[in-house]
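Some notes on the structure that comes next.
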Amino acid sequence: MAPATGSNGARRSLSSSVLLHEHVRSSGVFDVRVGINSGVSAAGVVDLQFGSLARRATKVSSGHGAVVRVRLPIHGRSLTIRASAQWAMPAFNVTLARVPPAKPTTRGRTGGSTGSATTGSGSASGSAGSGGSSSGSSGSSGSGAGPSSGSSGSTSTGSTGSSGPGGSSGSTGSSGSTGSSGSSGSAGPSGSGGSTGSTAPPAITLPHGFTPTASYTSLVKDYEFAGSSLPADWAAGNDSTHGFAGTIFNSSQVSMTGSSVALSVSRQPSNGYTYQSGWISTESKFSFNYGLIDFRAKMPAGQGLWSALWLDQPDGSNPWGEIDVQEMVLYDTHTLYGSLHGWAPSDWGESQWAHMTSDASAGYHDYQLVWQPGLVTWALDGVAYAQYTEAQALAAGYPWVMGDGSGYYIIADLAAGTSLWGGPPNSTTPLPSSMLLASVKVWQ
């Protein structure tokens, strides 16, 4: 692919429905600005998809345009920007500008390592008719360059954004911060790269542009799954909940290994479900608002397997939120998702992702979340890869329910996927398969 014609704001005009590929010679984090010009003064909306990140901009009737801004890492693959609008033949102008690398800052005490990323720039622009699409893409993102602890290291780069006022001509747009590389890990449940055995909170490295996180230093829960039974506060699930259409959860799929709890998926038809899976939670036993949570776990690999480490409120709560610390559709053991969901008073979702250079099924990793009033920060092995704020949610029209005082309980599960996400297991999927959870720790 040809290199971009310019840097830090160079532009090219394209006709409608054109797929543009840009190659950035160096990798890193980019500020991406999408300008929309409809040529008409009527109000309307435009939907944009930056990889896995969705944004909507509203153009008010007093102006002809809108602007959307996000900050994204570009990591070893094309970044496709898909756009569709309610107007006839809107023009989309896409500008990519590199974010200069800066020395990361850390929060907490030592533990974990940091990496670095180089940056580049490119640009693209295009137009699309109503219901059509234009695409811009750009080349690779930063890889971590830091020492690892233990035999299995990881490097992560994430993507996120925010919705907030911005742009011109009466527009609403988005801006956000993301991108980081680092490595840490171990081949075993309590290797030197992990948090097991320590009461100190892990250090969380914050990449350039990230909002500082709150300091949570008091270890209020230290759940080690090294015994012959589940720790106090935890129980196995025995039903089908939360939309897992292919799976019924059964306590028979939860077992202790001596150093972890194994949550398994097996092909055992029951009550109309093809698969039985393992689910454990602290529902009605322990819940909390705000803090730092660390899940230390090893994933399986296989088509149709779906892991989740998450926080939820009781079904039917209002307001009702959900915080996904880790989800993976495990035909791809290198892509990590962190998400927020609001289920009541209205239904919305916001997802971030990170790329792991190591294989999540090859060793244990620490999947972490710093949850504070108005801000959620996701991290892998001590390196933050995404943030999302209350201000961003409200600007996008989402009611913020992440911390209403009623408390969130902890869940870990491994399910069989469906057509909803990732697809079901097939003949290549090793069954039974297990996710191994070594520990869960909460600092406040």
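Count residues from 1 along the sequence.
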Quiz prompt | Set of ring pair (Phe, Tyr, Trp, His ring centres under 6.0 Å) partners for Y223, sequence neighbours left out | solution = W234
Exercise. Report yes or no: does E322 contribute a side-chain atom to a donor-acceptor pair with the main-chain N or O of L311 at less than 3.5 Å?
Key: no
Quiz item: Which atoms form the tightest heavy-atom contact between A236 and S251, and what is the distance?
Solution: CB-CB, 3.7 Å
Quiz item: Going through the distances and angles, do F225 and T257 end up as a side chain to side chain contact (heavy atoms under 4.5 Å, CB included)?
Solution: CA-CA 9 Å; F225 295 89; T257 71; over 6 Å; no
Practice problem: Please name the pair of heavy atoms, one in L437 and one in A412, separated by the smallest distance, quoted to 0.1 Å. | Solution: CD2-CB, 3.8 Å
Quiz prompt | Straight-line distance of D312 CG to Y408 OH, nearest 0.5 Å | solution = 8.0 Å
Quiz item: What about W279 and W310, are their ring centers closer than 6.0 Å?
Solution: yes
Practice problem: Give the minimum heavy-atom separation between Y367 and A360, together with the two atoms involved. | Solution: OH-CB, 3.7 Å
Quiz item: Quick one: does K221's side chain get under 4.5 Å of D233's, heavy atoms only?
Solution: yes
Quiz prompt | Closest approach of T429 to P425 (non-hydrogen atoms, all atoms of both residues) | solution = OG1-CA, 3.5 Å
Quiz item: Step by step, would you call M435 with L305 a side chain to side chain contact (heavy atoms under 4.5 Å, CB included)?
Solution: CA-CA 10 Å; M435 176 176 78; L305 302 179; over 6 Å; no
Quiz item: Are any side-chain N or O atoms of S433 and backbone N or O atoms of V265, one a donor and one an acceptor, separated by less than 3.5 Å?
Solution: no
Quiz item: Between atom CD1 of I204 and atom CH2 of W378, what is the distance when rounded to the nearest 0.5 Å?
Solution: 13.5 Å
Quiz item: Does any non-hydrogen side-chain atom of L330 lie less than 4.5 Å from one of P300?
Solution: yes
Quiz item: Taking side chain as C-beta onward, heavy atoms only, is L414 less than 4.5 Å from S264?
Solution: no
Exercise. Answer yes or no: is there a donor N or O on one side and an acceptor on the other, between the side chain of H334 and the main chain of M356, under 3.5 Å?
Key: yes
Quiz item: Do the non-hydrogen side-chain atoms of W343 and D315 ever get within less than 4.5 Å of each other?
Solution: no
Quiz prompt | D294 side chain reached by P202 side chain, heavy atoms, under 4.5 Å | solution = yes
Practice problem: Run through L219, T282, V220 and flag the one making a side-chain contact (heavy atoms from CB on, under 4.5 Å) with V442. | Solution: V220
Quiz item: Is the backbone of P399 close enough, under 3.5 Å, to the side chain of W348 for a donor and an acceptor to pair up by distance?
Solution: yes
Self-check item: Intermediate values then yes/no, side chain to side chain contact (heavy atoms under 4.5 Å, CB included), M299 and T333
Solution: CA-CA 8 Å; M299 300 300 120; T333 53; 5.5 Å; no
Quiz item: Between the side chains of Q326 and S307, does any donor sit under 3.5 Å from an acceptor?
Solution: yes
Quiz item: Do Y216 and W371 pass the ring pair (Phe, Tyr, Trp, His ring centres under 6.0 Å) test, and can you show the C-alpha distance, the side-chain angles, and the key distance before you say yes or no?
Solution: CA-CA 10 Å; Y216 295 110; W371 174 27; 9.3 Å; no
Quiz prompt | Value rounded to 0.5 Å, distance of OG1 in T377 from CG in L375 | solution = 4.0 Å
Quiz item: Does a side-chain heavy-atom distance below 4.5 Å link Q392 with E350?
Solution: no
Quiz item: Are any of the side-chain heavy atoms of Y409 and I411 separated by less than 4.5 Å?
Solution: yes
Quiz item: Roughly how far, to the nearest 0.5 Å, is CG of N289 from CD of Q444?
Solution: 8.5 Å
Quiz item: Say you draw a straight line from CD of Q313 to CD of E283; how long is it, rounded to the nearest 0.5 Å?
Solution: 11.5 Å
Quiz item: Q372 side chain to A214 main-chain N or O, any donor-acceptor pair under 3.5 Å?
Solution: yes
Exercise. Identify the heavy atoms of P212 and L206 that sit nearest to each other, and give their distance.
Key: CA-CD1, 3.8 Å
Quiz prompt | Close side-chain approach of I293 to F288, heavy-atom, < 4.5 Å | solution = yes
Quiz item: Got a second to check how far Q352's CD is from L336's CG, nearest 0.5 Å?
Solution: 11.0 Å
Quiz item: Is a side-chain N or O of N238 found less than 3.5 angstrom from the main chain of N250, in a donor-acceptor match?
Solution: no
Self-check item: salt bridge (Lys or Arg N to Asp or Glu O under 4.0 Å) partners of D324, counting only residues at least two apart
Solution: none
Practice problem: Return the minimal non-hydrogen interatomic distance between S277 and T247, and the atom names on each side. | Solution: OG-CG2, 2.8 Å
Quiz item: For the side chain of S317 and the backbone of P314, is there at least one donor-acceptor N/O pair under 3.5 Å apart?
Solution: yes
Quiz item: Given S351 and E327, is the side chain to side chain contact (heavy atoms under 4.5 Å, CB included) satisfied, shown in steps?
Solution: CA-CA 10 Å; S351 292; E327 287 185 284; over 6 Å; no
Self-check item: R296: which of D366, D222, D381 passes salt bridge (charged side-chain N to carboxylate O under 4.0 Å, His left out)
Solution: D366
Quiz item: So, does Q368 use its side chain to make a donor-acceptor pair with the main chain of G382 at under 3.5 Å?
Solution: yes
